[in-house]
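Hydrogens, waters and symmetry mates are skipped; everything else that's a heavy atom, side chains included, is used.
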Amino acid sequence: MLNWLKNTAQPSPARPASRLIESSPSPSSASSAAILLDPPARALRHPAALDLGDGCWREALQAAGLSSLMHSPGNLALLVPSDRAFLDLLHELKLSWPELCADLPRLRRLLLGHVLMDGSALTAARPGALLRTADQGVLQLLGDGRLRDALGRHAQTLGVIAPRQKLGPVAHLIDRVLRPAERGLLDLLADSPAHSDFLQALRSTGLSSWLSGGGPITVLAPCNSAWAAQVEAGQYAAAEARAAFRLEDMLGRHLVAGRWLSDEIPWGGQIPNLSGEAVSLSPLGLISCGPSSWAQPQSLHPGSDRIANNGVLHRLACPNSLA
């Protein structure tokens, strides 16, 4: 009934069934909380295989009408969360298994976020690579078989599940259910104290409304010290150049229509920003815009490629147009 791993290390021992039951809410809890650990009966029938089993995955696919993915002849790869990973997800979402399976739009998006469009990407890509999923989401490969989802959560690949049939996509077992982008660009900026001044400027000018819509928008966000330096440069600019330092224009230079991930940016070319100017992109991975007399090329810094439900957030060390 179960598929077993091949060519992988032995996982840590699973908790006995008694401890799984003990970890559920007590009978005296509210009825809505009492069914948090209401997984498929199959998961508890095989408590010793919770770290290896894929029964929850198969039942979720069936509930979502996506069972054909297991037999797809295309060049896909599946990231299959273990049964234990699904139990952990129920705790995170405070849902029962029937409630999760009943929310079909959410369930389908969740499952499609585990389908890699390039079946060889997981084994062939280098650490730091961005992997596209069938829900138009993105995962980042971190190395040592780890993946980072849109919420910044990490999952570890445990091995390859032996296929039941010769045909069909390769299935990689993982120890956590990956979640799609659930928050907007404003939420991501609000969570970063290093970008609070940039966010405050967006709000004071009303341009924050661009980041609260459906998008997509790409944000090139400068840190507080760099943003302050640009504002100061505008205050002391020569009269003929001062118009270029209007706050709205300064902000617009950091906003680009569309979702531009770092490996999709047309390096060596240009893309228009929301100020109506061109963002210059050097082949060396440097970004600049504005008059060449004061534009300072900058690279994307670690922590870029933050995926939101309405775009992507990149981090810059200093503003595009820092004098």
Side-chain angles (χ1 to χ4, degrees), residues 5-9 11 69 72 74-82 85 110-163 168-181 188 192 194 216 218-221 223 256 258-271 279-288 297-309 311-317:
L5 297 180
K6 60 181 180 180
N7 300 326
T8 186
L69 285 173
S72 173
N75 183 32
L76 303 176
L78 305 180
L79 302 172
V80 180
S82 68
L110 187 75
L111 295 175
L112 290 175
H114 293 76
V115 181
L116 297 180
M117 301 306 295
D118 182 354
S120 63
L122 189 60
T123 55
R126 296 180 178 180
L130 302 177
L131 310 179
R132 271 65 178 177
T133 58
D135 68 334
Q136 299 184 340
V138 178
L139 304 172
Q140 186 171 31
L141 183 63
L142 299 179
D144 298 327
R146 291 180 300 126
L147 297 161
R148 182 168 63 194
D149 65 13
L151 302 187
R153 300 154 67 257
H154 293 181
Q156 178 73 47
T157 55
L158 303 175
V160 178
I161 300 178
V170 175
H172 302 267
L173 197 71
I174 57 176
D175 67 352
R176 195 169 196 177
V177 177
L178 303 165
R179 292 172 62 179
L188 297 185
S192 178
T218 296
V219 180
L220 307 172
C223 64
V256 177
R259 190 183 79 164
W260 294 93
L261 297 168
S262 60
D263 62 354
E264 297 173 334
I265 292 175
W267 301 109
Q270 294 180 334
I271 51 176
V279 177
S280 297
L281 309 162
S282 84
L284 300 178
L286 299 177
I287 301 174
S288 64
Q298 299 297 321
S299 62
L300 298 181
H301 279 240
S304 294
D305 289 310
R306 292 289 309 280
I307 306 299
N309 58 19
V312 60
L313 173 65
H314 294 302
R315 296 175 57 195
L316 294 178

For this session: Please name the pair of heavy atoms, one in Leu131 and one in Ala125, separated by the smallest distance, quoted to 0.1 Å.
Result: CD2-CB, 4.2 Å
For this session: Answer yes or no: are there more than 12 heavy-atom neighbours, outside Gln136 itself, under 6.0 Å from its atom CD?
Result: no
For this session: Can you run down the salt bridge (charged side-chain N to carboxylate O under 4.0 Å, His left out) pairs that involve residues 149-159, sequence neighbours left out, and say none if there aren't any?
Result: Glu92-Arg153, Asp149-Arg153
For this session: Keeping the roles fixed (side chain from Asn309, backbone from Ala181), state whether a donor-acceptor pair exists under 3.5 Å.
Result: no
For this session: Answer yes or no: is there a side-chain heavy-atom contact under 4.5 Å between His114 and Pro81?
Result: yes
Exercise. Minimum heavy-atom separation for Leu178 to Ala155, with atom names?
Worked result: CD2-CB, 3.6 Å
Exercise. What distance do Leu122 atom CG and His172 atom NE2 have between them, rounded to the nearest 0.5 Å?
Worked result: 4.5 Å
Exercise. Side chains of His154 and Leu142: does their closest heavy-atom pair fall under 4.5 Å?
Worked result: yes
For this session: Answer yes or no: is there a side-chain heavy-atom contact under 4.5 Å between Thr133 and Val115?
Result: no
Exercise. To the nearest 0.5 Å, how far apart are CG in Leu112 and CG in Asp135?
Worked result: 6.0 Å
For this session: Answer yes when Asp305 and Arg259 have at least one side-chain N-carboxylate O distance shorter than 4.0 Å, and no when they do not.
Result: no
Exercise. Taking Arg179 for the side chain and Val177 for the main chain, is one N or O donor matched with an acceptor at less than 3.5 Å?
Worked result: no
Exercise. Has the side chain of Asp144 got a donor or acceptor atom that lies under 3.5 Å from a matching backbone atom of Arg146?
Worked result: no
For this session: For the residue pair Leu116 and Leu76, establish whether any side-chain heavy-atom pair is separated by less than 4.5 Å.
Result: no
Exercise. Taking all atoms of both residues into account, what is the closest heavy-atom pair of Pro266 and Leu281, and its distance?
Worked result: O-CD1, 3.6 Å
For this session: Enter the distance from Leu284:CG to Ser299:OG here, rounded to the nearest 0.5 Å.
Result: 10.5 Å
For this session: Taking all heavy atoms of Trp260 and all of Thr218, pick out the closest pair and write down the distance.
Result: N-OG1, 2.8 Å
Exercise. Any donor and acceptor pair, going by atom type alone, linking the side chain of Thr157 with main-chain N or O of Gly159 inside 3.5 Å?
Worked result: no
Exercise. Does Gln140 reach the main-chain N or O of Pro127 with its side chain, forming a donor-acceptor pair under 3.5 Å?
Worked result: no
For this session: Evaluate the side-chain proximity of Leu261 to Ile307: yes if any heavy-atom separation is below 4.5 Å, no if none is.
Result: yes
Seminar exercise, completed: Residues passing the side-chain contact (heavy atoms from CB on, under 4.5 Å) test with Ala194, sequence neighbours excluded, are Ser192
Problem set entry | From Arg176 atom CZ to Ile174 atom CD1, the distance as rounded to the nearest 0.5 Å | 10.5 Å
Exercise. So, for Leu139 and Gly113, which heavy atoms are closest and what is the spacing to 0.1 Å?
Worked result: CD1-O, 4.1 Å
Problem set entry | 4.5 Å side-chain heavy-atom contact, Ile287 and Val279 | yes
Seminar exercise, completed: On a heavy-atom basis, the closest approach of His314 and Ser304 is ND1-CB, 3.4 Å
